[in-house]
Amino acid sequence: MNTAVIPGSFDPITNGHLDIIRRASAMYDEVIVLSACNSAKNYLLTDEKRLLLIKEAIKDIPNARAESFGGMLADYVAEHNFPVLVKGVRDEKDFTYEQNMAFYNSELCSRKYGKSVETVFLPSNPSLCFVSSSLVRTLFANGAEYSDLIPCPDLFNSFLNK
Ligand code: PNS
């Protein structure tokens, strides 16, 4: 089976993420949306709630499923023999960051496990290039409207007691 892993923080999942997930699901037999759990990071949402939002957002994509993982991404892909990561890229800044992450994950996988993992970049839909999880968090923190930017605004609001 041709599987792609789409990793990220998804704090929260946005319409931009969902567009990448849909497009990847048309390219691969199976897509795993992997919610990263970095205890060193200050997330707005708990690991559990970020995962629930992803599950709700992708429920109509038959070949997509969501998982969360608390360790290093390279450990996850090597353990499961997943050879491909997919990341959306909005602009040059994203590209520079993601290129570095691609190299990092590939080197770690190769040096620790002798396995290869490739990162495939998909350009963001131009109409969604301005959408980011951090924009949603900023809008939320400032009492501004964000429900058109995320797939499950009601669930997100319920998690934040709004
Ligand atoms: O786009 P994001 O939210 O920063 O992506 C998170 C992730 C884990 C996919 C990215 O930071 C990455 O590829 N990191 C490599 C190092 C790693 O595995 N960290 C795990 C804890 S976040």
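We use all heavy atoms of the structure for the numbers below, so side chains are in, but hydrogens, waters and symmetry mates are not. Read the numbers this way: they start at 1 and go in the same order the structure lists the ligands and their atoms.
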J.: Could you check atom 13 (O) of ligand 1 against the protein and tell me its nearest heavy-atom contact, residue, atom and distance included?
T.: N105 ND2, 3.0 Å
J.: For atom 9 (C) of ligand 1, what is the nearest protein heavy atom, given as residue, atom name and distance?
T.: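 For this ligand atom, the closest protein heavy atom is P7 CB, 3.6 Å.
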J.: Considering only non-hydrogen protein atoms, determine which one is nearest to atom 19 (N) of ligand 1 and report residue, atom name and distance to 0.1 Å.
T.: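 Of the protein heavy atoms, M72 SD, 4.0 Å lies nearest.
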J.: Can you check whether R90 reaches S132 side chain to side chain, under 4.5 Å on heavy atoms?
T.: yes
J.: At a non-hydrogen distance cut-off of under 4.0 Å, which region of S9 contacts ligand 1 (side chain, backbone, both, or neither)?
T.: both
J.: With a cut-off of 4.0 Å, which atoms of ligand 1 are near a heavy atom of A36?
T.: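 Answer, ordered by atom number: 8 (C).
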J.: Can you tell me how the ring of F82 sits relative to the ring of Y76, calling it parallel under 30°, perpendicular over 60° and tilted otherwise?
T.: tilted
J.: Heavy atoms only: which of K87, H17, E98 lies closest to atom 2 (P) of ligand 1?
T.: K87
J.: Scan the protein's non-hydrogen atoms and note whether one is under 4.0 Å from atom 7 (C) of ligand 1.
T.: no
J.: Report, as yes or no, whether the 6.0 Å neighbourhood of atom CD on E107 holds more than 12 heavy atoms from other residues, nucleotides or ligands.
T.: yes
J.: For atom 14 (N) of ligand 1, which protein heavy atom lies nearest, and how many Å away is it?
T.: M101 SD, 3.3 Å
J.: Can you pull out the closest protein heavy atom to atom 16 (C) of ligand 1? Residue, atom name and distance to 0.1 Å, please.
T.: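 The protein heavy atom lying closest is Y104 CE2, 3.5 Å.
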J.: Does G71 have a non-hydrogen atom less than 4.0 Å from ligand 1?
T.: yes
J.: Verify, without hydrogens or angle tests, whether R50 (side chain) and A36 (backbone) share a donor-acceptor contact under 3.5 angstrom.
T.: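 Yes, R50 side chain to A36 backbone: donor-acceptor pair under 3.5 Å.
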J.: With the side chain counted from C-beta on, respond yes when N105 and L85 share a heavy-atom pair under 4.5 Å apart, and no when they do not.
T.: yes
J.: First locate atom OH of Y43, then atom CG of N38, and finally report the distance between them rounded to the nearest 0.5 Å.
T.: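 Interatomic distance, Y43 OH to N38 CG, rounded to 0.5 Å: 5.0 Å.
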J.: Indicate whether any N or O donor in one side chain lies under 3.5 Å from an N or O acceptor in the other, for Y113 and N81.
T.: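 Note: Y113 and N81 side chains miss the donor-acceptor criterion.
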J.: Would you say CG of D60 has more than 12 non-hydrogen atoms from neighbouring residues, nucleotides or ligands within 6.0 angstrom?
T.: yes
J.: Does any N or O atom in L73 lie less than 3.5 angstrom from one in ligand 1, N or O only?
T.: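 Yes.
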J.: Quick one: nearest non-hydrogen protein atom to atom 4 (O) of ligand 1, plus distance?
T.: Y97 OH, 2.9 Å
